[in-house]
Amino acid sequence: MSSQASSSVGRTAEQFRTKLASYLDTFLQQYRDRAEQMSEQAVDLVDEISRLCSGGKRVRGLLAWYGWRAAGGSATDHRIVEAAAALELFQAAALIHDDIVDRSATRRGGLSVHKSFESLHSIKGWTQDGSHFGVAAAILAGDLALSASEECFSAVADATPYAATATSAFQMMRFEVMTGQYLDLVSEVDVSAISAEAMLQRARTVLRHKSAHYTTVWPFEIGAILAGADENTLKKLRRFSTPLGIAFQLQDDILGVFGDPELTGKPAGDDLREGKRTELVAHALLSLDAAGRETLTSALGSEHLNDVSVAEIQDLLKDSGALQRVTTEVSQLGSEALTNLNNLSLDDRTRSEIIDLTQRLLHRKS
C-alpha cells in the first residue's frame, strides 16, 4: 500500500473514531446529568466511566463498523456508531471489573477505576476502609457501564430489522466474556497436579472465550448482523476474525510480560504478578528443566517481584523457546487471517482499511 493510500485509510478510520467519541461523550453526558439531578456526589460514578471511555484504540467499535460495511452497510449510517458505542461501553465495564479481579493498580498509564475511587476516599478524608470503598464503587461503576451498554445497544437493534439475531449475538458475547473471566480466575488458583499440557489447553480455552472472540469475532459479527449479513457471509467473517482474535490475545500475553511500561501503561511483568497461566507460560513449562519450572511457578502470583526477578523470568521464557514459539504463532495466525480476508466480498477501500488495522493489531506495542 502506498503511503498516500495508507494515509487515506487512516483518515477514514479516524473520522469514524471521532464520530464514535462524540457520540459516547453525548451519551455519557446524559448519564452525568441524570446523576447530578440525584446528587453531586453521584457524578463521580459516571465521570470514571467517561475517563475510561476517553482512551483506548476503539478496536471493537472499528471492527463492528467494518463488519457492517462488509455486509453492505453504509459507512456513514449513524446506527453503526451507536452499536460501536455499546461495544465500547461494555469494554469499559469489562476493564473495570477485570482490574478488580486482577488487583491491577493501573490502566492505560493512569489509576485503575477502583484505585481512583480509593484515592478519592483519601482526598476527601472519608471514614472506614478506603480500599473497600474503591472496590465497591468500581463494581457499581462497572455495573452502570453494563447498563449503559445495554441501553445503547437496544436502541440501535430495535432500529434494524435484525434485532433478535443481533441481540442474541450481543448476549452470547457477554456470556462468553464473563464465563471466560471466571475460568481465567480458576486457572490462577487450581494449579496443583495440573500438567503443562493441560495448562496449555486450559489457557487456549480462556483465551478464546474471554478475549479472542470478544475482541474480534463478536464485534465483526454483530456489525455484520445489524447490516443483514447471511450465514454464509458470517462464516467467511469468522474465518478471518477468529485467527486474528487469537493472535491479538497471544500478542497481549507477550506484552503482559515483555511490554514496555511506558507504552502499555502497566508495570513490566504484570501478568506474572497476577499469576496468569497463559500459553506463553505453559509452553515454557513444557520445555524447562525442573529447576527452571520451579523458578517460574514460584514467581507466578507473587506481588513482590522486582525488576531483577522479572528480568530473570523473561530470560527463562526466552531460553525455553516459549517466546519464539508464541511469536511465530502470532505471525502464522495473522497470515491465516489475511488470507481468509480474500474470501470476503469487499470494496477496495474497506479491504485496505481492514488490512491496515490487522497489521496494527499484530504488531502493536501497547
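Everything numeric in this text was worked out from a predicted model, so none of it was measured.
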Task: Side-chain donor-acceptor contact under 3.5 Å, Arg273 with Ser302 - done: no
Task: Flag, side chain of Ser154 to backbone of Glu150, donor-acceptor distance under 3.5 Å - done: yes
- [ ] Rounded to the nearest 0.5 Å, what's the gap from CG on Asn342 to NZ on Lys236? Could you check?
- [x] 11.5 Å
- [ ] May I ask you to test the Trp65-Lys19 pair for a side-chain heavy-atom distance under 4.5 Å?
- [x] no
Open item on the list: Contact between Gln251 and Leu333 at the side-chain level, heavy atoms closer than 4.5 Å - yes or no?
Closed with: no
Open item on the list: Tell me whether the NZ or CZ atom of Arg238 lies within the 45° cone about the ring axis of Phe220 and under 6.0 Å from its centre.
Closed with: no
- [ ] Using atom types as modelled and distance alone, determine if a side-chain donor or acceptor of Arg17 lies under 3.5 Å from a backbone N or O of Lys57.
- [x] yes
TODO: State, with a plain yes or no, whether a side-chain heavy atom of Glu82 is found less than 4.5 Å away from one of Leu226.
DONE: no
Task: Shortest non-hydrogen contact from Thr216 toward Ser241 - done: OG1-O, 2.7 Å
- [ ] Run the salt-bridge test on Asp44 and Lys124 with the 4.0 Å N-O cut-off and return the result as yes or no.
- [x] no
Open item on the list: What I want to find out is whether Arg51 reaches Glu48 closely enough, with some N-O distance under 4.0 Å, to be called a salt bridge.
Closed with: yes
TODO: Calculate, to the nearest 0.5 Å, the distance between atoms NE2 and CD belonging to His283 and Gln324 respectively.
DONE: 12.0 Å
Task: Distance (rounded to the nearest 0.5 Å) between Ile139 CD1 and Phe117 CZ - done: 11.5 Å
TODO: Say whether, by atom type as modelled, one donor and one acceptor occur between the side chain of Ser187 and the main chain of Asp184 under 3.5 angstrom.
DONE: yes
Task: Salt bridge present between Lys276 and Asp102 (N-O < 4.0 angstrom) - done: yes
Open item on the list: Apply side chain to side chain donor-acceptor pair (under 3.5 Å) to residues Thr295 and Glu312 and explain how you reach the verdict.
Closed with: CA-CA 9 Å; Thr295 299; Glu312 181 181 1; 4.6 Å; no
TODO: Begin with the C-alpha distance, continue with both residues' side-chain angles, and end with the deciding distance and a verdict on side chain to side chain donor-acceptor pair (under 3.5 Å) for Thr328 and Gln332.
DONE: CA-CA 6 Å; Thr328 299; Gln332 291 172 341; over 6 Å; no
Open item on the list: To the closest 0.5 Å, what do you measure between OG (Ser168) and CD1 (Ile222)?
Closed with: 10.0 Å
Task: Atom CD of Glu231: over 12 foreign heavy atoms under 6.0 Å - done: yes
Task: Asp307, CG: over 12 other non-hydrogen atoms inside 6.0 angstrom - done: no
- [ ] State, with a plain yes or no, whether a side-chain heavy atom of Leu323 is found less than 4.5 Å away from one of Gln314.
- [x] no
Task: Whether Thr106 side chain and Leu111 backbone form a donor-acceptor pair below 3.5 Å - done: no
TODO: Hey, could you give me the CG/CG distance between Leu296 and Leu285, rounded to the nearest 0.5 Å?
DONE: 5.0 Å
Task: Carboxylate-amine/guanidinium proximity below 4.0 Å for Arg103 and Glu188 - done: no
Open item on the list: Exactly one of Thr278, Asp271, Thr327 should register a side-chain contact (heavy atoms from CB on, under 4.5 Å) with Ile254. Which one does?
Closed with: Thr327
Task: Asp253 side-chain N/O to Leu280 backbone N/O, donor-acceptor pair under 3.5 Å - done: no
Open item on the list: Using the rule side-chain contact (heavy atoms from CB on, under 4.5 Å), only one of Leu183, Asp190, Leu207 pairs with Arg202; which is it?
Closed with: Asp190
Task: 4.5 Å side-chain heavy-atom contact, Asp129 and His121 - done: no
Task: Atom NE2 of His78 with >12 non-hydrogen neighbours under 6.0 angstrom - done: yes
TODO: Taking Thr358 for its side chain and Ile354 for its backbone only, find out whether a donor-acceptor pair lies under 3.5 Å.
DONE: yes
Open item on the list: So, applying ring-ring contact (aromatic ring centres under 6.0 Å, His included) with Phe153, which one of Phe170, Phe27, Phe90, Trp218 is it?
Closed with: Phe170
Open item on the list: Are Arg277 and Val191 packed together at the side-chain level, in the sense that at least one heavy-atom pair is separated by less than 4.5 angstrom?
Closed with: yes
Task: Polar side chain donor-acceptor pair, Ser50 to Asp47, under 3.5 angstrom - done: no
Task: Donor-acceptor pair, side chain of Glu279 and main chain of Leu250, under 3.5 angstrom - done: no
Open item on the list: Between Ser320 and Ala284 (side chain of the first, backbone of the second, donor and acceptor by atom type, cut-off under 3.5 Å), is there such a pair?
Closed with: no
Task: Lys/Arg-Asp/Glu bridge criterion (N-O < 4.0 Å) met for Asp347, Arg349 - done: no
TODO: Look only at the side chain of Arg108 and the backbone of Leu52, and say whether a donor-acceptor pair between them is shorter than 3.5 Å.
DONE: yes
Task: Under 3.5 Å: donor-acceptor pair, side chain of Arg351, backbone of Asp348 - done: no
TODO: Decide whether Ser104 and Glu274 meet the rule of one side-chain donor and one side-chain acceptor closer than 3.5 Å.
DONE: yes
- [ ] Establish, from distance only, whether the side-chain atoms of Asp25 and Ser22 form a donor-acceptor pair under 3.5 Å.
- [x] no
Task: No-hydrogen, no-angle side-chain donor-acceptor test under 3.5 Å, Thr205 and Gln201 - done: no
- [ ] Verify the cluster assignment for Leu346 and Leu244: are they in a single hydrophobic cluster under the rule of side-chain heavy atoms below 4.5 Å apart?
- [x] yes
Open item on the list: With heavy-atom distances below 4.5 Å as the criterion, would you say the side chains of Leu317 and Val257 are in contact?
Closed with: yes
Task: Gln29-Asp33 side chain donor-acceptor pair, cut-off 3.5 Å - done: yes
Task: Full working for side chain to side chain donor-acceptor pair (under 3.5 Å) between Tyr31 and Glu151 - done: CA-CA 11 Å; Tyr31 265 52; Glu151 180 180 342; 2.5 Å; yes
Open item on the list: Using 0.5 Å steps for rounding, measure from the CG atom of Leu62 to the CD atom of Glu14.
Closed with: 9.0 Å
Open item on the list: Classify the ring geometry of Phe133 against Trp126: parallel below 30°, tilted from 30° to 60°, perpendicular beyond 60°.
Closed with: perpendicular
